[in-house]
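Per chain, numbering begins at 1; letters A, B, ... match sequence-line order.
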Amino acid sequence: MPSFLDLGVPAPLAAVLAGDGKTEAFPIQQGTLPDSLAGRDLLGRGRTGSGKTLAFAIPLVARLTGATSRPQHPRGLVLAPTRELATQIAATVAPLAKAAGLRVTTVFGGVSQRPQEEALRRGVDIVVACPGRLEDLMKQGVVRLDEVRVTVLDEADHMADLGFLPGVTRILAATPQGGQRLLFSATLDNGIDVLARRFLSNAVSHEVDEASVPVGEMTHRVLEVADAESKKTLVNELASGAGRRILFTRTKHQAKKLAKVLTTAGIPAVDLHGNLGQNARERNLAAFSADPAEGGVRVLVATDVAARGVHVDDVDLVVHVDPPAEHKAYLHRSGRTARAGAAGTVVTVLLPEQRRDVKDLLRKAQITAAIEPVSAASPAVVELIGAKAAYVKPAPKPAAQQPARKKPASGASGSPRQGQRQGQPRQGQGQGQPRHTTGDVAAPAPAARRRRRRSSRPQGTPTTR
DNA sequence: AAAAAAG
């Protein structure tokens, strides 16, 4: 892999990255940086956990370096679908911005407007925002986007969804015509065409192929239980293993309830969903991100608010307690594990009546996984939660037996997993053909596909649209 | 179809 310096990243920024142990660029970064640094509009697609944030953070900072934004007139803008993601992006941008003498602030709802307003009045170069509060501040005249030179849409396909589209469109329309626009997502499908057509010009599309991405192996399992009662038992067991795990539910209410049930059952869990105040959201996510050896909570129960972008180190298991409604949600939720070279397991808990929907879902997501019938404490489950599952007999010595949580990029609790992995996914590395052809997004939209944007290019080759 | 994003 080429170094950041080779790709034209300014030395001061490359130095910051090197200080963080990052010298070589991941494929999505390698593919996009030359174009994004040159100021071109682009669409970037790379798997979850493949380094997209840095792919846009670098050009964002690099292209704004050397000038100072006027008060209330930021020159860089990043839009994200959730507050947690905005916070996380800002944290990635911050050290780079600092090295370049640029100021960053976040703008989103659920927290006091005051500090955001003050920062904007003082002057910031880069705003990382969720659409709602940003529009609010625009209306109040606190911020103007007419000097924005670089705009990034993270999770761009989601930002083009019905709920977000009107606001996102108004925001983009408030930025200057000639500005640079970067659209990124792991599932960059034709849904973004409405934004791309209106707001991108002469854009290049980079879609990094599967096989070359340095992402760890993601193992997909589908465990079928007989009824709701067995499902409860299984979910309990899946929550009981040694590693960090995220459990996804379909609704806010279920997330809250499940976290409570687990905690009551002696498995400390925190929830994350939109019914929580922003304080609680931040507190719970922080508790989940904290070192388990130092009081961190190993189980997060979340709605799809946590499906996209949120990165916590060393999540080794994702459980779809309720199967998601669509395949993109499956991919994004699952992508909370197996990030940046680590391994991870994804389990879908299946009720018999969901068989058809889930098969459909997996097919669209291009995941091959056999349905495994399980009952309580069946071998598949014991294997998943680690042979010496704490739950079997409440742990004799509860405290401090795992000092560090940095694990080698292998299975969950150090012990090699026995048993063959059924449902081996297609995401192993190396062998054979890449499964995605360029631009063949997980679910090719049935109609509306007449655009020849992506067709028979070799992997990772840019095209112009 | 649910959740998110303004309060």
Among all residues two or more places apart in sequence or in another chain, which pass the side-chain hydrogen bond (donor to acceptor under 3.5 Å, both in side chains) test with A/Thr68?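 Checked A/Thr68 against side-chain hydrogen bond (donor to acceptor under 3.5 Å, both in side chains); zero matches.
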
Can you give me the closest heavy-atom contact between A/Cys130 and A/Pro81, atom names plus distance?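 Here A/Cys130 and A/Pro81 meet closest at SG-C, 4.4 Å.
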
Looking only at heavy atoms, which two atoms of A/Ala156 and A/Leu188 are closest? And how far apart?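 Nearest heavy atoms, A/Ala156 then A/Leu188: CB-CD1, 3.9 Å.
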
Side chains of A/Ser230 and A/Asp227: donor-acceptor distance under 3.5 Å anywhere?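 A donor-acceptor contact under 3.5 Å links the two side chains.
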
Could you tell me whether the side chains of A/Thr187 and A/His158 share a donor-acceptor contact shorter than 3.5 Å?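 No - no donor-acceptor pair under 3.5 Å links their side chains.
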
Which nucleotide in B/dA5, B/dA3, B/dA1 has an atom nearest any side-chain atom of A/Glu326: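 Of B/dA5, B/dA3, B/dA1, B/dA1 is nearest to the side chain of A/Glu326.
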
From the set B/dA5, B/dA3, B/dA1, return the single nucleotide nearest to any side-chain atom of A/Ala325.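 Among the listed nucleotides, the one closest to the side chain of A/Ala325 is B/dA1.
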
Kindly indicate, with the supporting measurements, whether the criterion side-chain contact (heavy atoms from CB on, under 4.5 Å) is fulfilled by A/Val312 and A/Arg336. CA-CA 7 Å; A/Val312 176; A/Arg336 297 319 94 209; over 6 Å; no

Gap between atoms [atom1] and [atom2], on [X] and [N] respectively (whole Å):
X        : N     : atom1 : atom2 : result
A/Gln254 : B/dA3 : CD    : C1'   : 13 Å
A/Tyr330 : B/dA3 : OH    : P     : 20 Å
A/His332 : B/dA4 : NE2   : P     : 16 Å
A/His320 : B/dA3 : NE2   : P     : 17 Å
A/Gln113 : B/dG7 : CD    : P     : 8 Å
A/Lys256 : B/dA3 : NZ    : P     : 14 Å
A/Leu153 : B/dA5 : CG    : P     : 16 Å
A/His158 : B/dA1 : NE2   : C1'   : 12 Å

Sugar-phosphate only, base, or nothing, as touched by A/Gly110 at under 4.0 Å among non-hydrogen atoms: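 Counting heavy atoms under 4.0 Å across all strands, the contact made by A/Gly110 is with sugar-phosphate only.
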
Return no unless some side-chain N or O of A/Arg83 is found under 4.0 Å from OP1 or OP2 of B/dA5.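 Affirmative; the distance criterion is met.
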
Any side-chain N or O of A/Thr303 under 4.0 Å from OP1/OP2 of B/dA4?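 For B/dA4, OP1 or OP2 has a side-chain N or O of A/Thr303 closer than 4.0 Å.
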
Option passing side chain to side chain contact (heavy atoms under 4.5 Å, CB included) with A/Arg181 (candidates A/Val148, A/Leu77, A/Thr175):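 Running side chain to side chain contact (heavy atoms under 4.5 Å, CB included) over A/Val148, A/Leu77, A/Thr175 with A/Arg181 returns exactly one hit, A/Thr175.
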
Those residues of residues 270-282 of chain A lying under 4.0 Å from DNA chain B by at least one heavy atom: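 Listed by number, they are A/His273, A/Gly274, A/Arg281.
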
